[in-house]
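Each chain gets a letter, A, B and so on, in the order the sequences are listed, and its residues count up from 1.
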2 protein chains.
Amino acid sequence: MIDENLLLNYGAKRVAFSKGDQLFREGESAVNFYQVASGEIKMNNYNEDGKEFIQGIFSIGQSFGEPPLLAKVKYPANAEAISDAEVFQLSKEQFLDLLSSHPKVHLKITETLAKRLYYKAIMVSEISSQEPEHRILRIIDYLKQHVGKVEGKFDYRLDLTRQQLADLTGLRVETVIRATKSLEKKGELQIKKRKVYR
Amino acid sequence: MIDENLLLNYGAKRVAFSKGDQLFREGESAVNFYQVASGEIKMNNYNEDGKEFIQGIFSIGQSFGEPPLLAKVKYPANAEAISDAEVFQLSKEQFLDLLSSHPKVHLKITETLAKRLYYKAIMVSEISSQEPEHRILRIIDYLKQHVGKVEGKFDYRLDLTRQQLADLTGLRVETVIRATKSLEKKGELQIKKRKVYR
DNA sequence: GGGAGAATATGATTTGGATCATAAAAGAGG
DNA sequence: CCTCTTTTATGATCCAAATCATATTCTCCC
């Protein structure tokens, strides 16, 4: 997360999007650096059958879509507002200039990419193995430890819908519902008022 | 890729590994930065059934396993020599010092992570959709464009075994064999002397 | 407060990739 | 050059997640 005063000093604009708006599309070249100011953004793909895969969900303070600013690649996914949102938007040139001039900011961006890569490595390995319950526990544990930063047993409440969990894990929503029920029976998690606790 | 003289100047050692040796294991904390000097290294996971998933294969000049040096995470996968190999090994402290002192090197590492993240985003989305032929074409095209840097039709020869392709894509080797045969029939690729051309 | 839409849930059926078994061909090493 | 291992290949069967269908409950908006 880059300090918002610094972003504004470099000419960033704070742009509003409505729920459902698209910020960019898979395959496009990057023109801007983005960081969430309010609301939530997701990056996703749709396959030929229209099935959605969510690469990540980004909330206040989190940047997204950095790789095409730093390497000769295009966006690997779409970006879409999950709620009404505001986003800091800084041109690629200004962003690279900011990194050059602020080594600590550059290190933070590198740390962000490192965390993102870590998450992806876990997910790709989980998704490639045919074990929905293990997959679901793994992503919930990741969110508990790295996003919620919670340690107590059943202290972490998952604030994702079953459909979002399905889209993040490559499963069908029916499979997620059945697997979370099964995990509850095994004592691996708790469900209260339809919310999952881990 | 960091220039090897620079690595040596910062105290890197050139360490030899035999085919099959492990450099580090999933879940361990990182102590060193690694870059391949000769041979090939893969990063992989095994699931409970012993099925392997290959996160990436690294050849001469390529670094690997960077995220735990840059963020508070552990190795998400094992590292294993695919052939007899030599690897530059630099302590974490020296590595971070090198980045601080050499912004251009830091930017190269950031670019490496960005490319790695791009590849992962493609693969995780592909693996989450149930389309083996599309998945196989997608990874071959990625390797053709970003690793082989080849453009002509059927000019790129894939130097991976069917088993390695299976391990990289989360499929079974039988599925890969049948899918590549089917793609050949569709004219999407060619197979000569059991080698795939795309 | 009510209605519409979204989310959760359950049941039944299908199917494609996994799995198992086996064979042939190529490569590597002695 | 021979043997053993690895890789590629083919055929048959299985099954778990996808898919399809339907119902219930909760949330949001007017």
TODO: Report the C-alpha distance between A/Ser83 and A/Lys19 in whole Å, list the side-chain angles of each, state the deciding distance to 0.1 Å, and finish with yes or no for side chain to side chain donor-acceptor pair (under 3.5 Å).
DONE: CA-CA 4 Å; A/Ser83 63; A/Lys19 176 175 170 161; over 6 Å; no
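- Protein atom CD1 of B/Ile177 is 12 Å distant from nucleotide atom C1' of C/dA23, rounded to whole Å.
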Side chains of residues 139-146 of chain A: which donor-acceptor partners sit under 3.5 Å, not counting sequence neighbours?
from     : atom 1 : to       : atom 2 : distance (Å)
A/Asp141 : OD1    : A/Arg198 : NE     : 2.7
A/Asp141 : OD1    : A/Arg198 : NH2    : 3.3
A/Asp141 : OD2    : A/Arg198 : NH2    : 2.9
A/Lys144 : NZ     : A/Gly152 : O      : 3.0
A/Lys144 : NZ     : A/Arg198 : O      : 3.1

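- Straight-line distance from the NZ atom of A/Lys195 to the P atom of C/dT8: 7 Å, rounded to whole Å.
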- [ ] Would you check, one step at a time, whether the test side-chain contact (heavy atoms from CB on, under 4.5 Å) holds for B/Lys195 with B/Asp159?
- [x] CA-CA 8 Å; B/Lys195 288 291 188 185; B/Asp159 284 323; 4.0 Å; yes
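- Remark: C1' of D/dC15 and CG of B/Asp49 are 14 Å apart, rounded to the nearest angstrom.
- Positionally, the nearest nucleotide of DNA chain D for B/Thr180 lies more toward the 5' end than for the other of A/Arg135 and B/Thr180.
- Atom CD in A/Gln130 sits roughly 14 Å away from atom C1' in D/dC14 (whole-Å rounding).
- Here B/Glu174 lies in heavy-atom contact (under 4.0 Å) with a base.
- Nucleotide C/dA18 holds its P atom 13 Å from the CZ atom of B/Phe53, rounded to whole Å.
- The aromatic ring centroids of B/Phe58 and B/Tyr34 lie 6.0 Å or more from each other.
- Listed nucleotides: D/dT10, D/dT8, D/dA18. Nearest to the side chain of B/Lys181: D/dT10.
- With rounding to whole Å, A/Asp159 atom CG is found 13 Å from D/dT27 atom P.
- Residue-level contact check: B/Lys193 touches neither bases nor backbone, having no heavy atom under 4.0 Å from any strand.
- When the P atom of C/dA9 is taken as reference, atom CZ of A/Arg162 falls 5 Å away, rounded to whole Å.
- OP1 or OP2 of D/dA18 lies within a sub-4.0 Å distance of a side-chain N or O belonging to A/Thr175.
- Between A/Thr161 and C/dA7 there is no side-chain polar atom (N or O) within less than 4.0 angstrom of OP1 or OP2.
- Scored by the salt bridge (Lys or Arg N to Asp or Glu O under 4.0 Å) test, A/Glu131 finds no partners at all (sequence neighbours excluded).
- Closest contact between the side chain of A/Arg172 and the listed nucleotides D/dT19, C/dT19, D/dA17 involves D/dT19.
- Summarising the geometry, the separation between NZ on B/Lys185 and C1' on D/dT10 is reported as 12 Å, rounded to the nearest angstrom.
- The 5' end of DNA chain D is approached more closely, in terms of each residue's nearest nucleotide, by A/Arg178 than by the other of A/Arg178 and A/Arg194.
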